[in-house]
Amino acid sequence: MLYWLLKSEPDVFGYPDLVRVGVEPWNGVRNYLARNYLRQMGAGDLCLFYHSNAKPNGVAGVARVVRAAYPDNLQFDPESAYFDPKSLPDNPRWSMVDVSPVVAFPTLLTLEALRDLPDWDDSPLTRKGTRLSVFPVTESQFRAALAAVGLEPEKLETGVVQTVNT
DNA sequence: GCCAACGTTGGC
DNA sequence: GCCAACGTTGGC
């Protein structure tokens, strides 16, 4: 199993929205490196759900990949801001995964607090100038993030979690 | 609102 | 294939 971080602007789609909808297609990613990471995701992988452009910024909860990469629906929708006229249906350029909520953090793990965690010294999140919206986190980074808000990773792995059903 | 950083575009 | 211009991200 792999671990990831997904950025989202809470004004657009925050963790509470994920809880509300139950399953969300993670569409609209239009960066090749981020897309390649999406394609590496497998069902069951866990994601830190990060609020960007927020007050304050930080990880709001954990999400789970419930469907591995498949073609992003918006690339073929001329009405969408994410429409890509160069993407052909028989060779889709952009991919998305489906994610579901696993557990809301009891408190937001702020960017400031993340910077204090040694495991997070080297990450696209804390590195200046990196704007990737999807990237891998190490197991130790994932565990450190959960520990920082008092959650136990083992309970996620054994399924004994506060899961929000659809 | 500012602006640094960086990805993409398009002329050549 | 280079690279300047441009657009976007995202912290502050």
Side-chain angles (χ1 to χ4, degrees), chain A residues 2-21 24-41 45-65 69-138 140-149 151:
Chain A
L2 299 174
Y3 301 94
W4 308 92
L5 185 143
L6 300 175
K7 286 185 190 172
S8 189
E9 302 192 14
D11 289 348
V12 178
F13 190 89
Y15 196 83
D17 296 305
L18 183 64
V19 171
R20 178 172 48 78
V21 300
E24 177 70 4
W26 209 253
N27 50 22
V29 172
R30 294 294 179 270
N31 169 283
Y32 284 104
L33 183 53
R35 179 205 68 180
N36 293 343
Y37 286 139
L38 286 177
R39 289 180 177 178
Q40 291 172 34
M41 291 182 182
D45 286 0
L46 295 175
C47 307
L48 298 176
F49 193 107
Y50 179 83
H51 286 174
S52 64
N53 280 327
K55 292 180 290 186
N57 302 315
V59 178
V62 177
R64 190 193 321 273
V65 177
Y70 62 109
D72 181 317
N73 56 319
L74 299 182
Q75 68 193 310
F76 302 124
D77 177 3
E79 303 300 312
S80 170
Y82 297 107
F83 177 60
D84 184 349
K86 296 179 189 167
S87 183
L88 305 174
D90 60 352
N91 184 23
R93 177 175 298 187
W94 305 110
S95 298
M96 62 183 177
V97 299
D98 287 351
V99 295
S100 288
V102 175
V103 61
F105 276 10
T107 59
L108 188 79
L109 177 56
T110 64
L111 178 59
E112 185 182 19
L114 273 164
R115 290 189 194 281
D116 289 337
L117 302 178
D119 286 312
W120 283 82
D121 283 350
D122 185 31
S123 165
L125 191 70
T126 50
R127 214 176 297 137
K128 187 177 164 74
T130 308
R131 299 170 307 171
L132 261 186
S133 64
V134 178
F135 54 85
V137 305
T138 65
S140 65
Q141 287 172 338
F142 185 83
R143 298 176 71 90
L146 265 62
V149 292
L151 292 175

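Small disclaimer: the values here were computed from a predicted structure and weren't measured. Numbers restart at 1 for each chain; the letters A, B, ... are given by sequence-line order, proteins then strands.
Remark: P of dT8(B) and NZ of K86(A) are 11 Å apart, rounded to the nearest angstrom. Distance R30(A) CZ to dT9(B) P: 12 Å, rounded to the nearest Å. dC6(B) atom C1' lies 4 Å from atom CZ of R131(A), rounded to whole Å. When rounded to the nearest whole Å, the span between NZ of K7(A) and P of dT8(C) equals 17 Å. Remark: P of dT8(B) and CZ of R93(A) are 10 Å apart, rounded to the nearest angstrom. Rounded to an integer number of Å, the gap from CG of L5(A) to P of dT9(C) is 17 Å. Distance, N53(A) CG to dC12(C) P: 11 Å, rounded to whole Å. A straight line from CG of N31(A) to P of dT8(C) spans 14 Å, rounded to a whole angstrom.
Residue-level contact check: R115(A) touches the backbone only, with heavy atoms under 4.0 Å from sugar-phosphate atoms and none from bases. Across all strands shown, L125(A) has no heavy atoms under 4.0 Å from either base or sugar-phosphate atoms.
Candidate nucleotides dC12(C), dT8(B), dG10(C) were compared by shortest atom distance to the side chain of Y32(A), and dT8(B) ranks first. Comparing dG7(B), dG10(C), dC12(C) by their closest approach to the side chain of L111(A) singles out dC12(C).
Panel note: side chain D11(A), backbone A54(A); no donor-acceptor pair is recorded below 3.5 Å.
Between F49(A) and W26(A), the two ring planes are perpendicular [angle over 60°; tilted spans 30° to 60°].
For the OP1/OP2 pair of dA4(B) and a distance below 4.0 Å, the side-chain nitrogens and oxygens of K128(A) include no atom meeting the criterion. Residue N57(A) places at least one side-chain N or O closer than 4.0 Å to OP1 or OP2 of dG11(C). For Y50(A), a side-chain nitrogen or oxygen approaches OP1 or OP2 of dG11(C) to under 4.0 Å.
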With a cut-off of 3.5 Å and sequence neighbours excluded, list every side-chain donor-acceptor pair involving residues 114-121 of chain A.
unit_1	atom_1	unit_2	atom_2	d
R115(A)	NH1	T126(A)	O	3.2
W120(A)	NE1	Q141(A)	O	3.1

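Within a 6.0 Å radius of CZ in F135(A), other residues, nucleotides and ligands contribute more than 12 heavy atoms.
Partners of Y32(A) according to the ring-ring contact (aromatic ring centres under 6.0 Å, His included) rule, which considers only residues two or more places apart in sequence or in another chain, are W94(A).
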